Amino acid sequence: MVCMLRQMPPLEAVEAFLVAAKSRSFRAAATALALSPSAFSRRIQLLERFAGRQLFERTSSATFLSADGARYLADIGPAIETILHATRSLRQTGSDHMLRMATSHSLAAEWLMPRLPRLLSETGIELDLVVSRDPDCLRTQMADIALWGGPTADRKPLVDVIANLDAVPVIAPRLTDNGSAPRTLADLAEQPLIEVRANAGLWRHWLHKAGYRGPPPAVIASYDTNQLKNEAAASGLGVALATPMVSERFLADERLVAFAHLRLPTDQCYSLHYASADLRSRPHVHVLREWLSAEAGASVTRYDRWYAAGAPC
């Protein structure tokens with residue numbers, strides 16, 4: 001038997017390279033793939049070691065392709081497109097009701113995954129989830145559809161809104177028990193405020209809408225995902241903004257409670273994005289859209305009831 005050294009680099013490392021080549025920074029690329037910055041860097045380093053070349057130039061303020069990296073990108077681009085097209089064709093053969101959906105880590109873990117068995121039993125549609133926030137995943141056929149959060153005003157072709165998002169400030173219940181919870185809107189200036197890096201600025205936007213005109217918040221702690229943000233708040237590390245769907249489990253389990261009865265729109269929504277107009281018009285995609293819209297509506301209704309009950313739920 002002839003033993004051959006491995007000739008192909010790990011595909012997850014190639015994927016990281018392609019996303020990094022099109023992103024403004026490694027951090028942005030890591031967010032797009034729902035990876036921590038350190039995990040993303042390890043993938044790039046693995047590919048560079050495999051290739052024996054430095055694919056990126058790194059400075060204190062920016063990261064950009066080296067000459068070797070630019071040549072590698074030009075060489076593998078057509079091959080990756082061929083792989084994606086062949087994989088898409090293979091997946092769709094004999095399975096008209098299989099769809100590959102891109103979404104965020106938190107929405108997948110907290111909201112979509114528990115519903116997938118029921119989706120399959122009620123509609124016959126099977127979703128293969130891809131954890132990614134990279135818009136190119138639709139163009140490159142890594143995914144057929146995507147369920148992403150974003151600004152309500154950012155309406156584009158081939159996008160359907162399934163839920164508009166309000167937000168309520170929440171804290172760990174034990175903070176209310178020991179009297180260390182904020183009592184007024186002005187008290188928030190002295191509290192650690194928690195948000196998601198990809199949605200930086202949401203707290204300032206919410207406070208402005210609430211009529212807060214005090215000094216800028218002292219601290220804003222940022223996390224990579226909504227799930228981590230909610231876990232941090234439930235652990236007593238600060239105040240978070242709870243929205244429908246991704247915060248549902250934390251509210252239902254009473255791991256997060258509202259510190260004040262103040263609910264405001266975020267001007268953000270969850271939307272379905274499609275790879276093509278043809279895909280959007282297919283009957284089973286229409287069924288999926290209606291099913292997800294109904295599920296999102298039910299989640300918003302539960303959020304409404306939690307808030308109307310005076311939160312905590």
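Just so it is clear, the model here is predicted, and its values are computed rather than measured.
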Problem set entry | Spacing of Leu18 atom CG and Cys137 atom SG [to the nearest 0.5 Å] | 13.0 Å
Exercise. Residues in side chain to side chain donor-acceptor pair (under 3.5 Å) with Gln45, at least two apart?
Worked result: none
Seminar exercise, completed: side chain to side chain donor-acceptor pair (under 3.5 Å) with Gln268: of Asn199, Asn164, Asp166, Thr243, only one passes, and it is Asn199
Exercise. Is any side-chain heavy atom of Thr152 closer than 4.5 Å to a side-chain heavy atom of Val161?
Worked result: no
Exercise. Is Trp206 reaching over with its side chain to a backbone N or O of Ala167, donor-acceptor style, under 3.5 angstrom?
Worked result: yes
Exercise. Would a hydrophobic clustering, with Ile, Leu, Val, Met, Phe, Trp and Tyr connected at side-chain separations under 4.5 Å, put Val300 with Ile162?
Worked result: no
Exercise. Are Phe64 and Ile44 in one and the same hydrophobic cluster, where Ile, Leu, Val, Met, Phe, Trp and Tyr link if side-chain heavy atoms are under 4.5 Å apart?
Worked result: no
Exercise. Under a single-linkage definition using a 4.5 Å side-chain heavy-atom cutoff for Ile, Leu, Val, Met, Phe, Trp and Tyr, are Met245 and Leu127 assigned to the same hydrophobic cluster?
Worked result: yes
Exercise. Who passes ring-ring contact (aromatic ring centres under 6.0 Å, His included) against His105, sequence neighbours left out?
Worked result: none
Exercise. Can Thr266 and Leu241 be said to form a side-chain contact (heavy atoms from CB on, under 4.5 Å), step by step?
Worked result: CA-CA 10 Å; Thr266 63; Leu241 288 171; 5.9 Å; no
For this session: Report yes if the side chains of Leu112 and Met101 come closer than 4.5 Å at any heavy-atom pair, otherwise no.
Result: yes
Exercise. Any sub-3.5 Å donor-acceptor pair from Ser106's side-chain atoms to Gln227's backbone N or O?
Worked result: yes
Problem set entry | Pairing residues for Arg280 by the side chain to side chain contact (heavy atoms under 4.5 Å, CB included) criterion, not counting sequence neighbours | Leu158, Asp160, Tyr274, Arg289
Seminar exercise, completed: One should read off an interatomic distance between Leu237 CG and Leu193 CG, to the nearest 0.5 angstrom, of 12.5 Å
Exercise. In Å, rounded to the nearest 0.5 Å, how long is the span from CZ of Phe40 to CD of Glu15?
Worked result: 9.0 Å
Exercise. Under 4.5 Å between any side-chain heavy atoms of His273 and Pro135, yes or no?
Worked result: no
Problem set entry | Heavy-atom check, side chain of Leu65 versus side chain of Leu73, under 4.5 Å | yes
Exercise. How about Ser299 and Glu248: does a side-chain donor come under 3.5 Å of a side-chain acceptor?
Worked result: yes
Exercise. When you look at Tyr72 and Val14, which way does the side-chain contact (heavy atoms from CB on, under 4.5 Å) test go after all the steps?
Worked result: CA-CA 10 Å; Tyr72 187 57; Val14 174; 4.2 Å; yes
Exercise. Hey, does the side chain of Trp148 reach the backbone of Ser132 with a donor-acceptor pair shorter than 3.5 angstrom?
Worked result: yes
Problem set entry | Approximate separation, where rounding is to 0.5 Å, of Leu147 CG and Thr103 OG1 | 4.5 Å
Problem set entry | Non-neighbouring partners of Trp111 that pass ring-ring contact (aromatic ring centres under 6.0 Å, His included), sequence neighbours left out | none
For this session: Kindly write out the residues that satisfy salt bridge (Lys or Arg N to Asp or Glu O under 4.0 Å) with Asp278, not counting sequence neighbours, or none if the list is empty.
Result: Arg282
Seminar exercise, completed: With sequence neighbours left out, the residues meeting side chain to side chain contact (heavy atoms under 4.5 Å, CB included) with Ala234 are Phe250, Arg255, Leu256
For this session: Can you sort out the partners of Phe56 under ring-ring contact (aromatic ring centres under 6.0 Å, His included), two or more places apart, ordered by chain and number?
Result: Phe17, Phe26
For this session: Mind telling me whether Tyr303 and Trp306 have parallel, tilted or perpendicular rings, with 30° and 60° as the class edges?
Result: tilted
Exercise. Is any side-chain heavy atom of Leu279 less than 4.5 Å from a side-chain heavy atom of Leu99?
Worked result: yes
Exercise. Tell me, do Pro151 and Asp267 make a side-chain contact under 4.5 Å, heavy atoms counted?
Worked result: no
Exercise. Roughly how far apart are Leu129 CG and Arg100 CZ, rounded to 0.5 Å?
Worked result: 9.0 Å
Problem set entry | Non-neighbouring partners of Arg58 that pass side chain to side chain donor-acceptor pair (under 3.5 Å), sequence neighbours left out | Glu48
For this session: Output all residues satisfying side chain to side chain contact (heavy atoms under 4.5 Å, CB included) with Thr301, sequence neighbours left out; order by chain, then residue number.
Result: Arg305
Exercise. Any donor-acceptor pair under 3.5 Å linking the side chain of Arg174 with the backbone of Ser235?
Worked result: yes
Seminar exercise, completed: By salt bridge (Lys or Arg N to Asp or Glu O under 4.0 Å), Asp136 pairs with (sequence neighbours left out) Lys22, Arg139
Exercise. Under a 4.5 Å side-chain heavy-atom rule over Ile, Leu, Val, Met, Phe, Trp and Tyr, are Val130 and Leu272 clustered together?
Worked result: no
Exercise. Are any side-chain N or O atoms of Tyr307 and backbone N or O atoms of Arg263, one a donor and one an acceptor, separated by less than 3.5 Å?
Worked result: yes
Problem set entry | Results of side chain to side chain contact (heavy atoms under 4.5 Å, CB included) for His208 - residues two or more places apart only | Arg213
For this session: Report whether Leu116 and Val285 are members of the same hydrophobic cluster (ILVMFWY, side-chain heavy atoms less than 4.5 Å apart, transitive linking).
Result: yes
Exercise. Taking the side chain as C-beta and beyond, is there a heavy-atom pair between Ser247 and Val170 under 4.5 Å?
Worked result: no
Exercise. Is any side-chain heavy atom of Val257 less than 4.5 Å from a side-chain heavy atom of Ile171?
Worked result: yes
For this session: Apply the test side-chain contact (heavy atoms from CB on, under 4.5 Å) to residues Val246 and Tyr270: give CA-CA distance (whole Å), side-chain angles for both, the deciding distance (0.1 Å), then the verdict.
Result: CA-CA 11 Å; Val246 291; Tyr270 284 120; 3.2 Å; yes
Exercise. Do any N or O atoms from the side chain of Lys229 and from the backbone of Arg197 form a donor-acceptor pair under 3.5 angstrom?
Worked result: no
Exercise. To the nearest 0.5 Å, how far apart are CH2 in Trp291 and CG in Leu119?
Worked result: 4.5 Å
Problem set entry | Set of residues satisfying salt bridge (Lys or Arg N to Asp or Glu O under 4.0 Å) with respect to Glu195, sequence neighbours excluded | none
